[in-house]
Each structure stands twice: as structure tokens, then as C-alpha cells.
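Let me begin by presenting the structure, written as C-alpha cells, before commenting on it.
Each residue takes its place number in the sequence, starting with 1. Just so it is clear, the structure is predicted and the values come from calculations on it, not from any experiment. All ligand and atom numbering here is 1-based and tracks the order in the structure.
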Amino acid sequence: MTPYDAPLPQAPAAPALIDGFGRQVTYLRVSVTDRCDLRCVYCMAEHMTFLPKREVLTLEELDRIASAFVTLGVRKLRITGGEPLVRKGVMGLFENLSRHLRSGALDELTLTTNGTRLAEFAADLARLGVRRVNVSLDTLKPDLFRQLTRGGDLAKVIAGIDAAQGAGLSVKINAVALKDDNAAELPDLIAWAHGRGLEATLIEAMPLGEIEYDRTDQFLSLKAVRSHLESFWTLTETDHRTGGPARYVRVEETGGRLGFITPLTHNFCEACNRVRLTCTGTLHSCLGRDDASDLRAVIRAGADDAALKNAIRRAVDAKPKGHDFQIARAAAPAVSRHMSTTGG
Ligand code: SAM
Ligand code: SF4
């Protein structure tokens with residue numbers, strides 16, 4: 001063996017990102033835009049004012065910050081928004097981030113989308129190493145879909161799901177449970193998803209950002225939904241966990257997995273492994289709190305990678321123990337930012 005064949009000395013691995021309560025952060029959600037081609041009634045106001053371009057991180061800045069997290073031990077990246085697939089050049093970001101999959105530093109690169117542009121991008125996503133996508137879909141009724149999304153075309157989303165499955169991606173359907181709108185349809189939606197071999201997850205509406213509606217009118221407890229489902233289905237607990245707020249059961253009759261995300265009726269903070277980066281470079285260590293660190297200011301002030309990582313460590317260290325969500329009639333939203341800004 002020549003000296004040139006000898007293994008290179010390994011740089012000492014950076015210590016993992018551990019918060020002040022001993023939880024290791026291994027999961028980063030990255031919102032790449034606050035814009036969207038839909039206007040879901042529980043998410044956005046009808047006439048949204050979107051951020052000026054200069055405030056939004058460039059694709060290079062997003063890559064730099066996300067990659068710093070990867071070197072600090074984050075193993076899973078989820079790209080979200082707004083609608084991530086409306087961001088111009090977003091596939092270039094996927095392409096760049098996919099280097100971490102190839103190097104083995106990252107276990108998973110994934111995406112949450114409304115599905116409207118998935119038909120266009122599914123094959124490229126699969127080629128770049130994306131294995132799973134979450135598609136948000138609250139109803140299978142075209143008219144209700146148009147109403148809930150204020151103008152969306154259900155056929156495009158279904159075509160997107162078809163394309164994703166055709167490209168070999170595994171798809172999870174996320175549905176927000178809404179009392180008057182889709183409560184009665186949820187069993188059909190779940191059965192439809194399971195019939196296509198898709199996982200389904202129900203989400204409780206969360207008080208994020210001002211919208212035109214009174215949220216107490218839309219709020220539907222998943223406890224009530226679950227009891228209703230149990231009147232005709234057998235739901236078997238599973239120990240499947242993702243470190244997030246979802247709890248999973250198996251529906252024996254359909255053979256599919258069903259998740260419940262219940263931030264309001266169930267406290268999930270003790271096992272939380274995730275933080276969120278907004279498209280403006282604000283790091284939120286908790287979805288339900290306004291605490292934030294401005295990483296855009298850090299990088300635009302010319303910080304080198306070591307300073308950026310220090311800023312990330314400080315932010316994670318301050319991750320709060322838990323959140324303060326509650327839905328009280330006529331109360332202001334617990335958190336002033338919309339889900340589309342933070343990234344769902
Ligand atoms: N546009 C993409 C989509 O719809 O999948 C990604 C971003 S969207 C903000 C992410 C998820 O957040 C969606 O599943 C959406 O239904 C959910 N969401 C938005 N606002 C919410 C709210 N106030 N409460 C609960 N879930 C919400
Ligand atoms: Fe857009 Fe997703 Fe919000 Fe609907 S939930 S308005 S698709 S960002």
C-alpha cells in the first residue's frame with residue numbers, strides 16, 4: 001500500500017444538534033416559497049400579499065442553510081411552502097440537495113405538495129432520489145375541492161398522484177378535517193386512498209395566521225372523527241412513529257395505514273425531532289410558538305459556515321419544551337404567521 005492509498009484522516013464529526021431538553025434534531029422542513037396556486041380556506045386569505053422577492057432566500061441560500069443542517073446531523077429534509085412546485089427553479093434545489101443522499105449524509109429528501117404540478121415533476125423527483133411525497137387533498141368532490149381551494153382543479157391533483165405512483169414514489173394523502181365541509185366524506189377519502197395503496201393522514205385545523213373565517217366553526221376534533229370511524233371500522237394501534245405529531249393505526253377492513261395529527265387534543269412535543277426554516281430564512285424551532293432566529297441576517301452579513309452552524313446551534317438550544325395552541329372562540333391566532341409561511 002502506498003501512502004496515497006491510505007485512508008484520509010476523517011474530520012471529527014460535528015456533535016449532533018441537541019436542544020436544551022435533550023431532544024436531537026434530525027428533521028428539517030424547508031419552506032421554499034410563501035406563494036401558492038391555490039387559496040385553501042383554512043390556510044390563506046383570499047387576497048394574500050406575498051413577500052417581495054428580496055426577502056425570500058435564493059435557491060443558493062436555501063441550499064447553503066439546509067446543507068449546514070445536514071452537516072450538523074439532520075437526516076431528513078422535507079421541502080414545503082406555500083406550494084414548493086410553483087417556485088421557479090425548485091428542481092435545481094432538489095438536484096443540489098440530492099448530493100447529500102448520494103453521500104449517505106441524508107436518509108430522506110421529501111416534499112409536501114398540493115399536487116397540482118406533480119404530473120410535470122414526478123419523474124424528475126424520482127430520478128433525484130425522492131422516494132415519498134405527501135399530497136394534500138381534503139375532498140374527492142370536484143365542486144367542493146374548487147370551493148375549499150378557491151378555484152383549484154381536482155383533476156390536476158389526481159393526475160399528479162397518478163404520475164407520482166407511476167414514477168414509483170410512495171404517496172401519502174394529508175387531509176385537514178373540517179366540520180362542515182368534509183367530515184362526512186372522510187371515510188370515503190380514506191378508503192379511496194387505501195384502495196390505491198396510499199397512506200392517509202388526517203390533520204386537525206390549527207390556529208395559524210389570520211384568515212376570514214372563525215376557526216371554531218371549522219374545527220373538528222379528530223377524537224370525534226376517530227370514534228365515528230370506530231363505529232364501523234376496526235382501528236388497530238401501531239407503533240409506527242416519525243418523531244412528529246402523527247399517531248398511526250391500521251384500518252383492518254381496508255388494510256391501510258391511517259395517521260392522526262392532533263396538535264390540539266394531544267401533546268406531541270416530548271418526542272419532537274424537527275425544526276422549520278421559512279422561505280425568508282427564519283428558523284422556527286417550534287411550529288406552535290413565535291420564537292424564531294433570523295438565519296438570513298446571519299448569512300447576508302457574510303457569515304462563514306462555522307458562524308452559520310453556531311447560529312443554528314444557538315437556535316436549536318433554545319427550542320421550547322412545548323407549544324401553546326388552543327382554539328378559543330374569538331381568540332387571536334396562537335401564532336400570527338400562516339402555515340404557508342412557516343411550511344406545513
Ligand atoms: N402547499 C403544500 C400543500 O398544501 O401540501 C405545502 C404547504 S401546506 C401549508 C402543508 C400542509 O399544511 C397541508 O397539508 C395543509 O392542508 C396544511 N395546513 C395549512 N394550513 C393549516 C391549518 N391552519 N391547520 C392545519 N393544517 C393546515
Ligand atoms: Fe396552498 Fe398548501 Fe396552503 Fe392550500 S394548504 S393554500 S395548497 S399552501
Side-chain angles (χ1 to χ4, degrees), residues 29-48 50-51 78-87 90 110-118 121 132-139 145-154 156-157 160-161 164 171-179 181-182 186 189 193 199-222 225 244-246 259-265 268 274 276-279 284 287-288 323 325-327 333-344:
R29 291 193 178 209
V30 183
S31 173
V32 297
T33 179
D34 64 327
R35 287 163 200 259
C36 187
D37 53 344
L38 301 181
R39 295 284 183 280
C40 301
V41 291
Y42 48 79
C43 177
M44 290 195 183
E46 186 159 14
H47 303 288
M48 292 285 288
F50 292 110
L51 295 162
R78 177 176 294 281
I79 305 301
T80 180
E83 174 46 42
L85 297 183
V86 304
R87 171 96 196 236
V90 73
T110 179
L111 157 81
T112 299
T113 174
N114 63 26
T116 58
R117 303 194 67 186
L118 203 45
F121 293 117
R132 299 191 302 149
V133 294
N134 288 359
V135 178
S136 303
L137 179 59
D138 304 325
T139 177
F145 184 83
R146 194 170 308 113
Q147 185 192 320
L148 285 178
T149 58
R150 298 194 183 95
D153 178 0
L154 177 66
K156 281 192 188 164
V157 179
I161 295 170
V171 177
K172 188 169 89 173
I173 301 296
N174 283 342
V176 176
L178 301 162
K179 193 159 68 180
D181 298 313
N182 67 359
L186 291 174
L189 185 59
E199 225 178 89
T201 295
L202 304 180
I203 309 176
E204 261 172 10
M206 289 179 260
L208 297 174
E210 295 283 358
I211 54 171
E212 290 97 340
Y213 291 72
D214 178 351
R215 288 183 199 276
T216 52
D217 290 343
Q218 297 182 53
F219 180 67
L220 173 62
S221 149
L222 288 188
V225 174
F260 295 92
I261 301 188
T262 54
L264 296 156
T265 54
F268 54 83
R274 59 196 59 192
R276 291 173 164 79
L277 181 71
T278 70
C279 59
H284 290 281
L287 177 63
H323 63 60
F325 280 140
Q326 54 176 315
I327 285 202
V335 171
S336 54
R337 68 205 129 79
H338 288 91
M339 182 76 116
S340 52
T341 316
T342 320

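Counting all heavy atoms, side chain and backbone alike, L51 lies closest to R35 at O-NH2, 2.9 Å. Contact between C279 and T33 at its shortest, heavy atoms only, is CB-N, 3.6 Å. Summarising the geometry of F121 relative to L85, their closest heavy-atom pair is CE1-O, 3.7 Å, with the distance given to 0.1 Å.
Proximity to A205 (heavy-atom distance under 4.0 Å) selects the following atoms of ligand 1: 24 (N), 25 (C). Residue V176 has at least one heavy-atom neighbour below 4.0 Å for each of these atoms of ligand 1: 16 (O), 26 (N). Near G82, the atoms of ligand 2 lying under 4.0 angstrom from a non-hydrogen atom of the residue are 8 (S). Near G82, the atoms of ligand 1 lying under 4.0 angstrom from a non-hydrogen atom of the residue are 1 (N), 2 (C), 6 (C), 7 (C). Near C43, meaning under 4.0 Å from any of its heavy atoms, are these atoms of ligand 1: 19 (C), 20 (N).
In terms of polar-atom proximity, S136 is counted as a contact of ligand 1, with an N or O under 3.5 Å from an N or O of the ligand. Looking at T112 next to ligand 1, no N or O pair under 3.5 Å apart turns up. For the pair Y42 and ligand 1, the shortest N or O to N or O distance falls below 3.5 Å. At a 3.5 angstrom cut-off on N or O pairs, T80 does not count as close to ligand 1. Taking any N or O of P84, backbone or side chain, none lies under 3.5 Å from an N or O belonging to ligand 1.
Contact of the N114 side chain with the V157 side chain is not registered, since no non-hydrogen atoms from C-beta on lie closer than 4.5 Å. Counting heavy atoms from C-beta outward, I161 and L137 have side chains that approach closer than 4.5 Å.
For C40, the closest heavy-atom approach to ligand 1 does not fall below 4.0 Å. Look at M44 and you'll find every heavy atom at least 4.0 Å from all atoms of ligand 1. Contact analysis leaves G81 out of contact with ligand 2, as no non-hydrogen atom separation drops below 4.0 angstrom.
Nearest to atom 7 (S) of ligand 2 by heavy atom, out of N174, N114, T113, L137, is N114.
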Quick one: do E204 and V176 satisfy side-chain contact (heavy atoms from CB on, under 4.5 Å)? Show the steps, please.
CA-CA 6 Å; E204 261 172 10; V176 176; over 6 Å; no
R274 and R29: CA distance, side-chain angles, deciding distance, side-chain contact (heavy atoms from CB on, under 4.5 Å) verdict
CA-CA 7 Å; R274 59 196 59 192; R29 291 193 178 209; 3.2 Å; yes
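The proximity of T113 to ligand 1, defined as any non-hydrogen pair under 4.0 Å, is limited to the backbone. When non-hydrogen atoms are compared, ligand 2 lies under 4.0 Å from the side chain of C43 (C-beta onward) but not from its backbone.
A donor-acceptor contact closer than 3.5 angstrom is absent between the side chains of R39 and T149. Side-chain polar atoms of E83 and T116 form no donor-acceptor pair below 3.5 angstrom. In this structure, a donor-acceptor pair under 3.5 Å is absent between the side chains of N174 and S136.
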